[in-house]
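Working notes, structure below.
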Number of protein chains: 2
Amino acid sequence: MTMKEKTRKQYEARAKIAKAMAHPSRLLMLDLLQKQEMCVGDLTDQVGADQSTVSKHLAILKEVGLVDVRKEGALSYYRVTCGCLDGFFSCMETVLLSDLKGRQNSLK
Amino acid sequence: MTMKEKTRKQYEARAKIAKAMAHPSRLLMLDLLQKQEMCVGDLTDQVGADQSTVSKHLAILKEVGLVDVRKEGALSYYRVTCGCLDGFFSCMETVLLSDLKGRQNSLK
DNA sequence: TGGTTGTATGGCAATTTCGCCATTTGATGT
DNA sequence: ACATCAAATGGCGAAATTGCCATACAACCA
């Protein structure tokens, strides 16, 4: 494996994580699950989509390691695994705000 | 606009940013542009894709405000606008590492 | 003015994502 | 065993993404 090859794989791995977050419902779910663990039914209510849809979203988040499951009887309790999501979200806010400012300036 | 409506829009706005980052080439470009501004031709060499492809990737990054352009003659110099991308990337690394650990533990 | 270089855009086929319905699987209780 | 509830999976059409080719556009130079 060449060096270039290696870094390419690294960016692909990162992109997988970004892709897992690249959906409004999944961002909402991450936000909720960061505050407290929840089962699929509760999340389904909050998101307002079909249960199967929510279940698939959770599978995507789990696949990249952003969330983890704990099964208790028939219920599956999901939770966020990493503590660095706040940094993620606040960076997004920064981008959104600075972008807004930039657009305002371009109107002057 | 209802309250729910408003937060839904917020998550859509965030998802747009995450989506803009959800591609290996664009992550590489952000990495490069964070170190120094570059023109499209240089980026095209680094990424190893068609010039039109790179140009479209840049348009996506610019659309969400992650990069900005400075035109100098026939050249377009792009650069990263926000200083918080390192947090983004390090969080991704954290997720990748903890996910790796989790998978190792599950083999024990 | 015509030619060259750097960048952006139109178009299009291939691939991926999305969300619902229907169904299956698993655990629990009767 | 059977019914029930929670969750996961198969499938499929609709929508979005991706990347290249061809082309247009813009600045520069001869």
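Relative to the side chain of A49(A), the nucleotides dC20(C), dA8(D), dT18(D) differ in distance, and dC20(C) lies closest. Distances from the side chain of S55(A) to the nucleotides dC18(C), dC20(D), dA8(D) place dA8(D) closest.
Taking side-chain N and O atoms only, S76(B) has a distance below 4.0 Å to OP1 or OP2 of dA8(C). For the pair H57(A) and dT17(C), the criterion of a side-chain N or O lying under 4.0 Å from OP1 or OP2 is not met.
Residue R70(A) contributes atom CZ, which lies 15 Å from atom C1' of dA27(C) at whole-angstrom precision. As rounded to whole Å, 14 Å separates atom P of dA8(D) from atom CD of E63(A). Separating the NZ atom of K56(B) from the P atom of dA24(D) is a distance of 15 Å, rounded to the nearest angstrom. Atom CG of L75(A) is separated from atom P of dT4(D) by 19 Å (rounded to the nearest Å). The distance from atom CG of L27(A) to atom P of dC18(C) is 11 Å, rounded to the nearest whole Å. When rounded to the nearest whole Å, the span between NZ of K71(A) and P of dT28(C) equals 12 Å. Rounded to an integer number of Å, the gap from D42(A) CG to dA6(D) P is 10 Å. For D50(B) and dA8(C), the CG to P distance is 13 Å, given to the nearest whole Å.
Along DNA chain C, the nucleotide closest to T53(B) and the one closest to K19(A) are compared, and the more 5′ of them pairs with T53(B). Between H23(A) and A74(A), the one whose closest nucleotide on DNA chain C sits nearer the 5' end is H23(A). Sequence order on DNA chain D of the closest nucleotides to E72(B) and Y78(A) puts Y78(A) first from the 5' end. Nearest-nucleotide positions on DNA chain D for S52(A) and A22(B) put S52(A) closer to the 5' end.
Checked by atom type and distance alone, the side chain of S90(A) pairs as donor or acceptor with a backbone atom of D86(A) at under 3.5 Å.
Checked by distance alone, Q51(A) brings no side-chain donor or acceptor within 3.5 Å of a matching partner on the base of dA6(D).
Atom-to-atom distance recorded for Q34(B):CD and T81(B):OG1 is 10.5 Å, nearest 0.5 angstrom. The line from OG1 of T44(B) to CE of M29(B) is 7.5 Å long, rounded to the nearest 0.5 Å.
Ring planes of H57(B) and H23(B): tilted class, angle from 30 to 60°.
Within 4.0 Å of Y77(B), counting heavy atoms only, lies no atom of the nucleic acid at all.
For the pair R14(B) and F89(A), the cation sits on the ring face: its NZ or CZ lies under 6.0 Å from the ring centre, inside 45° of the axis.
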